[in-house]
Amino acid sequence: MNSMWTSSKPINGLRHFVLVNTIEEKGQIKNLMVSVVDVEISAKISNEELINSDEWTEGWLNLTKCESITKDYLECKLSNKSKEGINKIFLNNNSIFNIS
């Protein structure tokens, strides 16, 4: 699966993400996504939503700065909403981001 994804709607003001890990949670596959702009902005996305919805596009779309980093990002950083995301990300041995 591709590691680079673009969200159709900004998540805390950002749209470009990388898939850093895949986990099984309650019998469902979840994908841990982290923003390429700010590692504090992350999301846990079901495999179904990532692959079979219009919410995500595989690869990074060529967007203008205003489209890829919205004013919501600044508001998120000022209000510390980014702290509500995933607290810690543990990489599986097969993650492309595991460098150990």
Side-chain angles (χ1 to χ4, degrees):
M1 181 182 303
N2 192 342
S3 62
M4 301 176 294
W5 294 83
T6 303
S7 176
S8 62
K9 299 174 191 164
I11 297 174
N12 290 329
L14 301 174
R15 295 192 47 201
H16 293 111
F17 289 80
V18 291
L19 177 107
V20 295
N21 211 1
T22 300
I23 60 170
E24 185 175 340
E25 187 176 89
K26 297 179 183 175
Q28 190 177 39
I29 302 296
K30 298 282 185 165
N31 299 287
L32 302 179
M33 312 290 284
V34 176
S35 167
V36 296
V37 174
D38 185 339
V39 297
E40 291 182 353
I41 307 294
S42 58
K44 192 183 301 184
I45 308 297
S46 72
N47 217 37
E48 180 72 23
E49 180 183 348
L50 187 65
I51 297 170
N52 297 324
S53 75
D54 293 334
E55 300 291 316
W56 293 89
T57 302
E58 195 168 356
W60 290 334
L61 298 179
N62 189 12
L63 304 173
T64 65
K65 184 177 180 181
C66 294
E67 292 174 312
S68 64
I69 305 173
T70 69
K71 63 180 176 152
D72 293 338
Y73 175 64
L74 179 59
E75 292 171 11
C76 171
K77 293 307 281 186
L78 291 174
S79 68
N80 288 326
K81 283 184 187 173
S82 61
K83 301 295 183 201
E84 295 174 5
I86 302 166
N87 292 331
K88 293 181 182 179
I89 295 176
F90 297 97
L91 300 177
N92 292 338
N93 288 336
N94 62 349
S95 172
I96 64 170
F97 294 96
N98 186 351
I99 58 173
S100 60

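Residues take their numbers from the sequence shown, with the count starting at 1.
Atom-to-atom distance recorded for N2:CG and T57:OG1 is 11.0 Å, nearest 0.5 angstrom. Of the inter-residue distances, the one linking T22 atom OG1 with I45 atom CD1 reads 12.0 Å to the nearest 0.5 angstrom. Distance CG/N31 to OG/S46: 7.5 Å, rounded to 0.5 Å. The OH atom of Y73 sits 6.0 Å away from atom CD1 of I41, with the distance rounded to the nearest 0.5 Å. Once rounded to the nearest 0.5 Å, the distance linking CD1 of I11 with CD of E55 reads 8.5 Å. One distance of note links CG of L61 with OG1 of T6; it measures 4.0 Å at 0.5 Å rounding.
Side-chain contact, D54 with S8: no donor N or O sits under 3.5 Å from an acceptor N or O. A donor-acceptor pair shorter than 3.5 Å cannot be found between the side chains of D72 and N12.
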Exercise for review: Before giving the answer on side chain to side chain contact (heavy atoms under 4.5 Å, CB included), spell out for M4 and E58 the whole-Å C-alpha distance, their side-chain angles and the decisive distance to 0.1 Å.
Suggested key: CA-CA 6 Å; M4 301 176 294; E58 195 168 356; over 6 Å; no

**Study point:** CA sep, side-chain torsions, deciding dist, call: L32, L19, side chain to side chain contact (heavy atoms under 4.5 Å, CB included)
**Key:** CA-CA 6 Å; L32 302 179; L19 177 107; over 6 Å; no

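H16 contributes no side-chain N or O that, together with a main-chain N or O of G59, makes up a donor-acceptor pair within less than 3.5 Å. Looking only at distances, a side-chain donor or acceptor of E67 sits under 3.5 Å from a matching main-chain atom of T64.
Between S35 and F17, the shortest heavy-atom distance links the atoms N-CD2, 3.3 Å.
Atom CG of N62 has 12 or fewer neighbouring heavy atoms from other residues, nucleotides or ligands inside a 6.0 Å radius.
Hydrophobic cluster membership differs between L63 and V18, with clusters built from Ile, Leu, Val, Met, Phe, Trp and Tyr side chains linked at under 4.5 angstrom. Both I23 and M33 sit in one connected hydrophobic cluster of ILVMFWY residues. Membership requires side-chain heavy atoms under 4.5 Å apart, directly or through other members.
A heavy-atom distance below 4.5 Å is found between the side chains of K77 and D38. Looking only at side-chain heavy atoms (C-beta outward), R15 and K9 stay at 4.5 Å or farther from each other. Residues W5 and L50 form a side-chain contact, since some pair of their non-hydrogen atoms from C-beta on lies under 4.5 Å apart.
Comment: E24 does not engage K30 in a salt bridge, judged by the lack of any side-chain N to carboxylate O separation of less than 4.0 angstrom.
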